[in-house]
Structures are given as structure tokens and as C-alpha cells.
Amino acid sequence: MTDTTRPLAAQARDILLSLGIAADRIAGGPLRVVSPVDGSLLAEAATVSAGEARERIGRAHDAFLEWRSIPAPRRGELVRLLGEELRRHKDALGRLVSLEVGKSPSEGLGEVQEMIDICDFAVGLSRQLYGLVIQSERAEHKLTEQWHPVGVVGVISAFNFPVAVWCWNAALAFVCGDAVVWKPSEKTPLTALAVQALFERAASTFGGVPAGLSTLLVGGRDVGEILVDDPRVPVVSATGSTRMGREVGERLARRFARPILELGGNNASIVTPSADLDLTLRAVAFGAMGTAGQRCTTLRRLIVHESVRGALVSRLIGVYETISVGDPLTSDALVGPLIDEAAFTGMARALDAARAVGGKVHGGERVNVNGPGSFYVRPALVEMPGQVGPVIEETFAPILYVLTYRTLDEAIALQNGVPQGLSSSIFATDIREIERFLSARGSDCGIANVNMGPSGAEIGGAFGGEKETGGGRESGSDAWKAYMRRQTNAINYGRTLPLAQGVKFNV
Ligand code: UN1
């Protein structure tokens with residue numbers, strides 16, 4: 001168990017060294033890793049050079065060439081062992097997530113649980129990478145469709161889910177027969193080092209895993225670009241801002257590589273007259289303020305029917321005024337720190353922009369918890385005159401804009417009237433309103449929930465969204481197909497050669 005009375009850097013170091021990470025990987029390197037909890041320096045991580053990055057991608061490619069021939073259920077065994085390591089080290093890794101990202105202990109552990117869940121899912125999947133048998137139009141012919149490993153999968157992950165999102169991608173990629181090269185956020189290399197160490201433990205228990213099957217590239221943007229541009233990487237899964245994703249997507253398109261993009265969200269909930277307001281209040285609180293508003297799926301817009309607006313907003317203001325903001329490691333505060341000063345500046349700028357167009361801001365001020373090096377805020381509730389100004393942008397901070405509607409059509413138009421399309425939800429007990437929201441004319445998002453907020457998805461469903469969210473799908477359902485290549489086979493088992501579409505070609 002980690003000694004939680006030690007300074008944060010010592011705790012992080014204890015965890016990393018106990019997992020077998022060499023001390024020189026986390027000291028004296030060029031990448032300064034700061035804890036958002038108190039602004040203290042956690043480590044100075046080593047980074048890879050451009051040459052090393054290319055060499056590691058090459059090794060990952062070699063590993064793929066071997067791994068693709070291992071039977072998929074056997075590949076699943078490696079992922080099962082990874083899940084075992086994650087179970088065994090759940091407390092330590094969860095703690096490291098809290099140290100590096102500032103999540104509450106419960107959310108840090110929840111992130112590791114999400115990894116375990118996707119490992120379990122992938123193990124089952126390793127026996128279910130089903131193809132198809134298709135009826136042929138020709139006599140004594142058969143059409144089949146099968147799925148093959150695709151190659152090296154590049155994963156570029158964001159700070160807010162520093163390890164779970166890697167696992168969504170990697171657990172599927174490994175059972176699909178691919179190698180994985182991971183470029184974690186520059187803000188969170190320590191959790192990435194820890195996960196890579198756990199993978200290596202699983203690999204050594206498995207025995208005979210080709211070297212380089214899972215490869216970590218700690219570094220900056222330049223390293224990310226090398227990964228995105230390398231022709232040996234046919235699939236790149238990137239999570240982050242729309243600006244980053246547009247660049248990645250364009251670069252991948254130039255070389256016809258496959259993108260899996262999970263970019264900005266600007267998620268809304270519609271609160272209808274039939275909503276259960278007690279449940280709505282609790283769901284809105286978690287959706288908008290959980291993880292200090294730093295989830296892709298965070299609730300950012302509340303679209304409330306005029307008949308319930310007064311009652312709901314006054315209760316919400318009460319919750320916003322009293323919600324506990326504090327050190328996630330030493331208190332049981334529900335709202336921890338923002339990741340850094342830039343996040344705080346972005347929040348302040350959005351609130352100014354909201355005021356400038358007539359928004360009424362409740363909360364949003366900085367709270368001094370652990371001195372000037374860390375950035376804690378009281379979450380902001382902003383009553384807006386309409387969907388204008390900063391409301392159509394994603395600000396990665398706990399700001400909830402409140403809008404009012406009269407008809408459900410109007411509410412859905414507001415919900416869909418932003419460039420992003422990740423997640424959405426409706427609070428209602430009227431089945432017509434619920435089904436209308438879920439219908440083809442309803443929410444345009446990749447995720448549409450009922451009587452819960454837009455965040456906190458389970459791994460079993462496909463995760464991702466439309467429009468500027470990037471269109472990628474990760475995690476459950478049939479998201480695995482993006483990590484394989486599809487092959488159509490036409491097989492003639494007769495002695496004649498009938499041509500498709502009845503074409504004649506007699507030589
Ligand atoms: C993200 O914020 O990038 O649905 C992922 C959720 C989490 C994952 C969020 N399971 O909120």
C-alpha cells in the first residue's frame with residue numbers, strides 16, 4: 001500500500017519503482033510532470049528522440065508480423081493476464097491516476113476498473129471475431145467475409161482518461177492481432193509508464209510475446225507527428241481537441257490510413273416537464289461537475305422546459321454554492337483541481353464571453369486549496385439568454401450553460417445545434433418524448449441516454465460521436481472491426497467459370 005502521508009512526488013516514485021520502472025526514466029529527464037493537486041513536481045520524465053520513435057515503431061511492426069499468426073483466443077490470454085495485473089495493482093494505479101490527474105480516489109479507481117472491464121470484454125471477443133458467409137449468385141460458389149489483423153495501431157491519448165482510453169484501444173487491438181504504439185498526453189506520462197510495466201508483467205507470464213508488441217513513446221507533439229505520418233501504422237486512434245483531431249485526420253487521409261477520432265464534446269441534457277426532478281438534480285450534478293468538468297462526455301448544456309426551469313435552476317444554484325471543492329487526496333471533496341493554469345484561463349475566458357452576451361454567472365471563481373501552483377474552481381452555472389457565444393464551443397472545465405425551451409422540437413434543435421456530436425441525454429417519463437429523442441429525428445449524437453447524464457458510459461457500448469467529435473467508435477459493440485482489415489473471399493468449388501452479372505467471355 002502507498003504511504004499516503006509522504007509527499008506526492010515520493011508517493012508517485014514509490015509506486016513506479018515498485019512496478020519495476022527504472023529510476024532514470026522518471027528523474028533528470030526533460031518532461032516536467034506536475035501534480036494538479038498541489039502544483040508540485042512529481043517527476044522529470046525521459047522522452048524519446050525522433051530516431052528512437054521510428055525505431056520503436058519498426059519493432060512494433062516486426063512484433064505485429066509474428067503476433068498476427070497467434071490464434072486469436074490465445075491472444076486473448078495475454079489480455080486476460082493484463083486484466084489480472086490491473087486487478088492486482090488497482091489501488092496503486094488508481095492512486096497514481098489521482099496523483100497525476102487530480103481525480104478523486106473513487107474516480108481514479110473507476111478508471112482502472114474501466115480498464116479491467118474492457119480487458120474482460122476483449123478476452124470474450126477473442127473467440128468471437130466473426131466473419132460472414134454470404135449467398136453467391138453463382139452455382140457452386142461461396143462468398144465469405146473474414147477479418148484479419150491490420151498492423152500497428154497508434155494510440156494518442158488525452159490527460160483526462162490517461163490510461164482507460166489506451167486500454168479501450170489496446171485490449172481490442174491485441175486480441176485482433178495488432179501491435180500498439182502509444183503516445184500518451186505530455187501531462188500524464190507516469191500513469192502510461194505504469195501501465196506499460198503492467199503489460200510487460202503480463203507478457204512475461206504469457207511467455208513468447210514478440211518484443212515491441214506494446215510500445216510507449218513518451219514525448220511531445222513531434223513524436224505524435226512521427227506516429228501519425230509513419231506508413232507502418234495503418235490505424236491511428238486519437239483522443240483530444242477538435243483542433244488536434246482535424247490535423248491528425250488530414251495527415252492520415254493524405255496517406256490513406258484509418259482514423260479513429262474521439263474529439264470534442266458539447267453534451268446537452270434536455271429536461272422535460274415529465275422529468276423526475278430529484279433524479280435529474282443528482283444526475284446533472286455528477287454530469288456537469290464530476291471529474292471537475294474534464295470529461296469528453298461532461299454535461300455542458302442544460303436545455304430545460306420553461307415550466308420546470310424555475311424549480312430546477314433554483315435548486316441547482318443551491319448545489320453549485322455548496323458542492324465541496326478541495327484536495328482529492330486529503331478530503332472527500334467531490335470537485336478536485338483543473339489540470340493546469342491554461343485550463344483555468346480557458347474557463348475564465350469562457351465565463352467573460354458568456355457575460356458579454358448577457359449570461360448570468362453563478363460560481364466560477366478560483367478557490368485557494370493548495371496555494372498558487374494548483375487551480376481549483378467553484379463550478380459555474382450560467383443562465384444564458386440563448387445558444388450564443390461560448391455555448392457552442394467546448395471549454396474543458398466545469399461550466400454548465402442553462403437554456404430554456406418551449407417545444408421538444410425546439411429543444412432537439414438546440415441540442416443538435418452545435419458542431420460537436422458526442423453525447424446527449426433526456427430526462428423524461430413520457431415515453432413519446434423519450435422515443436422521439438432517441439429516433440432518427442432526435443439526438444444526432446453517438447450517445448443518447450435516458451434519465452441519466454451524458455457521461456459515465458459503460459464499456460459494453462461503442463463509444464464516440466458524430467460531426468466535429470470525429471466519427472470514431474471505440475470500446476464495446478463491434479468497435480473491434482476498426483482494428484482489423486476486412487477481406488471478402490469468392491470461392492469457386494465447381495468445374496465451370498460462370499462470371500458475375502452473367503457476363504460472357506468465352507476464349
Ligand atoms: C473521455 O472523457 O475521453 O463515459 C472518456 C465516460 C467515461 C469515458 C470518458 N467512461 O464518461
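In each ligand, atom 1 is the first atom listed, and ligand 1 is the first ligand listed.
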*Taking atom types as modelled, find out whether Tyr483 and Asn169 have a side-chain donor-acceptor pair closer than 3.5 angstrom.*
yes
Hits for ring-ring contact (aromatic ring centres under 6.0 Å, His included) against Phe174, two or more places apart or cross-chain, chain-then-number order -> Phe199
Return all side-chain donor-acceptor pairs below 3.5 angstrom for residues 154-168, not counting sequence neighbours, or 'none' if the list is empty.
| unit_1 | atom_1 | unit_2 | atom_2 | d |
| --- | --- | --- | --- | --- |
| Ser157 | OG | Trp182 | NE1 | 2.8 |
| Asn160 | ND2 | Gln294 | O | 3.0 |
| Trp168 | NE1 | Glu114 | OE2 | 3.2 |

For this session: Answer yes or no: are there more than 12 heavy-atom neighbours, outside Arg127 itself, under 6.0 Å from its atom CZ?
Result: no
Q. Heavy atoms, side chains only, cut-off 4.5 Å: are Val150 and Cys176 in contact?
A. no
List below, pair by pair, the N or O atoms of ligand 1 and of the protein that are less than 3.5 Å apart, including the distance to 0.1 Å; reply 'none' if no pair qualifies.
| unit_1 | atom_1 | unit_2 | atom_2 | d |
| --- | --- | --- | --- | --- |
| ligand 1 | 2 (O) | Asn160 | ND2 | 3.1 |
| ligand 1 | 2 (O) | Cys296 | N | 2.7 |
| ligand 1 | 3 (O) | Glu262 | OE1 | 3.4 |
| ligand 1 | 4 (O) | Gly456 | N | 3.2 |
| ligand 1 | 4 (O) | Ala457 | N | 2.7 |
| ligand 1 | 10 (N) | Glu114 | OE1 | 3.4 |
| ligand 1 | 10 (N) | Glu114 | OE2 | 2.9 |
| ligand 1 | 10 (N) | Ala457 | O | 3.2 |
| ligand 1 | 11 (O) | Arg295 | NH1 | 2.9 |
| ligand 1 | 11 (O) | Thr297 | OG1 | 2.7 |
| ligand 1 | 11 (O) | Gly456 | N | 2.8 |

By side-chain contact (heavy atoms from CB on, under 4.5 Å), Leu252 pairs with (sequence neighbours left out) Val228, Val236, Val248, Arg255, Ala257, Pro259
